[in-house]
Undergrad: 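This is the structure, below, for whatever I ask next.
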Amino acid sequence: SIGGMMQATLHVDHVAINAGDPTKRPAYSAVVGQIHATKYDSTRSGFGYGNEPIKIYYKKFPGHETGSVFWTYERNLARDDENRTDLAVPVFGYTWDNDQDPGENGVALGEEFSYTINVHRNTMYVTFHNERLGTVEQTRSLVRGADSLDNPYAYGGDTLYFKAGVYNQCSTRSGTSQWYAGCPGTGDWETDRANGDYAQATFSRLVVGPSQAPTE
């Protein structure tokens with residue numbers, strides 16, 4: 001189909017509480033919704049890199065009262081392009097570059113919030129809601145680059161699909177990459193749960209359907 005909409009209501013129950021390098025962006029975070037591009041041979045088309053125009057994050061540092069909800073837009077470039085990175089947009093609290101406790105401006109573990117990703121025509125409309133913090137609405141063009149370093153046509157030539165769930169971002173890998181936080185984990189559920197090396201979320205609503213024209 002052309003366009004589409006995903007609506008979710010959930011609360012995050014747990015994020016991994018241990019990280020070898022707490023300064024790495026993915027430490028203590030999980031992704032709970034996203035749009036993913038299909039990966040294919042893109043040597044001539046300039047598309048098909050399999051990147052993500054949106055990933056919705058929840059990140060909470062150990063000892064903090066609340067966590068932050070934010071989303072990222074990935075510049076749609078080849079994997080070996082040094083400018084291929086994620087641009088973070090705050091919603092409730094901060095993004096991954098602020099290690100302060102968001103306090104009353106953040107969302108606690110177990111506290112419900114909802115999001116809607118509505119891709120209508122060439123624009124992605126994103127809406128977040130929390131009973132205590134209210135509603136936040138944001139937009140992003142999917143056919144015009146986010147900045148001068150992005151693919152000038154953004155994701156205009158890609159096939160896209162929704163993903164929902166809880167995706168632990170705390171990789172066990174270590175190294176120079178910003179994505180490798182060196183988080184402990186054995187792969188054994190009982191062991192990792194006992195040590196706090198896991199992510200968990202509870203969805204009470206998940207609906208996918210056609211896009212809707214935004215209201216004025």
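Nothing here was measured: the structure is a model prediction, and the numbers come from that model. The first residue in the sequence is number 1, and the count goes up from there.
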Undergrad: Can you name the closest pair of heavy atoms from T66 and P102 and give their distance?
TA: OG1-CG, 3.2 Å
Undergrad: Can T127 and H129 be said to form a side-chain contact (heavy atoms from CB on, under 4.5 Å), step by step?
TA: CA-CA 7 Å; T127 303; H129 180 76; 5.6 Å; no
Undergrad: Testing W96, F113, Y115 for ring pair (Phe, Tyr, Trp, His ring centres under 6.0 Å) with F70, which one passes?
TA: W96
Undergrad: Membership question, hydrophobic clusters at under 4.5 Å side-chain separation (ILVMFWY): are L142 and V208 in the same one?
TA: yes
Undergrad: Say whether, by atom type as modelled, one donor and one acceptor occur between the side chain of N18 and the main chain of N195 under 3.5 angstrom.
TA: yes
Undergrad: Is the backbone of V89 close enough, under 3.5 Å, to the side chain of T95 for a donor and an acceptor to pair up by distance?
TA: no
Undergrad: Could you tell me whether the side chain of Y94 and the main chain of V91 form a donor-acceptor pair under 3.5 Å?
TA: no
Undergrad: Has R140 got a side-chain atom pairing as donor or acceptor with V126's backbone, closer than 3.5 angstrom?
TA: no
Undergrad: With respect to R132, which candidate in E104, E111, E112 satisfies the salt bridge (Lys or Arg N to Asp or Glu O under 4.0 Å) definition?
TA: E111
Undergrad: Sub-3.5 Å donor-acceptor pair from the side chain of N76 to the main-chain atoms of A154, do we have one?
TA: yes
Undergrad: Once the angle between the rings of Y198 and W189 is folded into 0 to 90°, is it parallel (under 30°), tilted (30 to 60°) or perpendicular (over 60°)?
TA: perpendicular
Undergrad: Does Y155 use its side chain to pair, donor to acceptor, with the backbone of E52 at less than 3.5 Å?
TA: yes
Undergrad: Using modelled atom types and a 3.5 Å cut-off, is there a donor and acceptor pairing between side-chain atoms of Q138 and backbone atoms of P90?
TA: yes
Undergrad: Work out which heavy atom in Y73 is nearest to a heavy atom in A146; give both atom names and the distance.
TA: CE2-CB, 3.6 Å
Undergrad: Check the surroundings of atom NZ in K39: do more than 12 heavy atoms from other residues, nucleotides or ligands lie under 6.0 Å from it?
TA: no
Undergrad: Would the distance check show the side chain of K59 and the main-chain N or O of A27 forming a donor-acceptor pair, the cut-off being under 3.5 Å?
TA: yes
Undergrad: Considering the options N151, N83, D147, D81, which one meets the side chain to side chain donor-acceptor pair (under 3.5 Å) requirement together with R75?
TA: D147
Undergrad: Is the shortest heavy-atom distance from the side chain of Y161 to the side chain of H36 under 4.5 Å?
TA: yes
Undergrad: Is there a donor-acceptor pair under 3.5 Å between the side chain of N98 and the backbone N or O of Q100?
TA: yes
Undergrad: Would the number of heavy atoms belonging to other residues, nucleotides or ligands and lying under 6.0 Å from OH of Y153 be above 12?
TA: no
Undergrad: Compare every heavy atom of G106 with every heavy atom of L133, then report the nearest pair and how far apart it is.
TA: CD1-O, 3.6 Å
Undergrad: Is the CD atom of Q212 crowded by more than 12 outside heavy atoms at less than 6.0 Å?
TA: no
Undergrad: Taking T123 for its side chain and H120 for its backbone only, find out whether a donor-acceptor pair lies under 3.5 Å.
TA: no
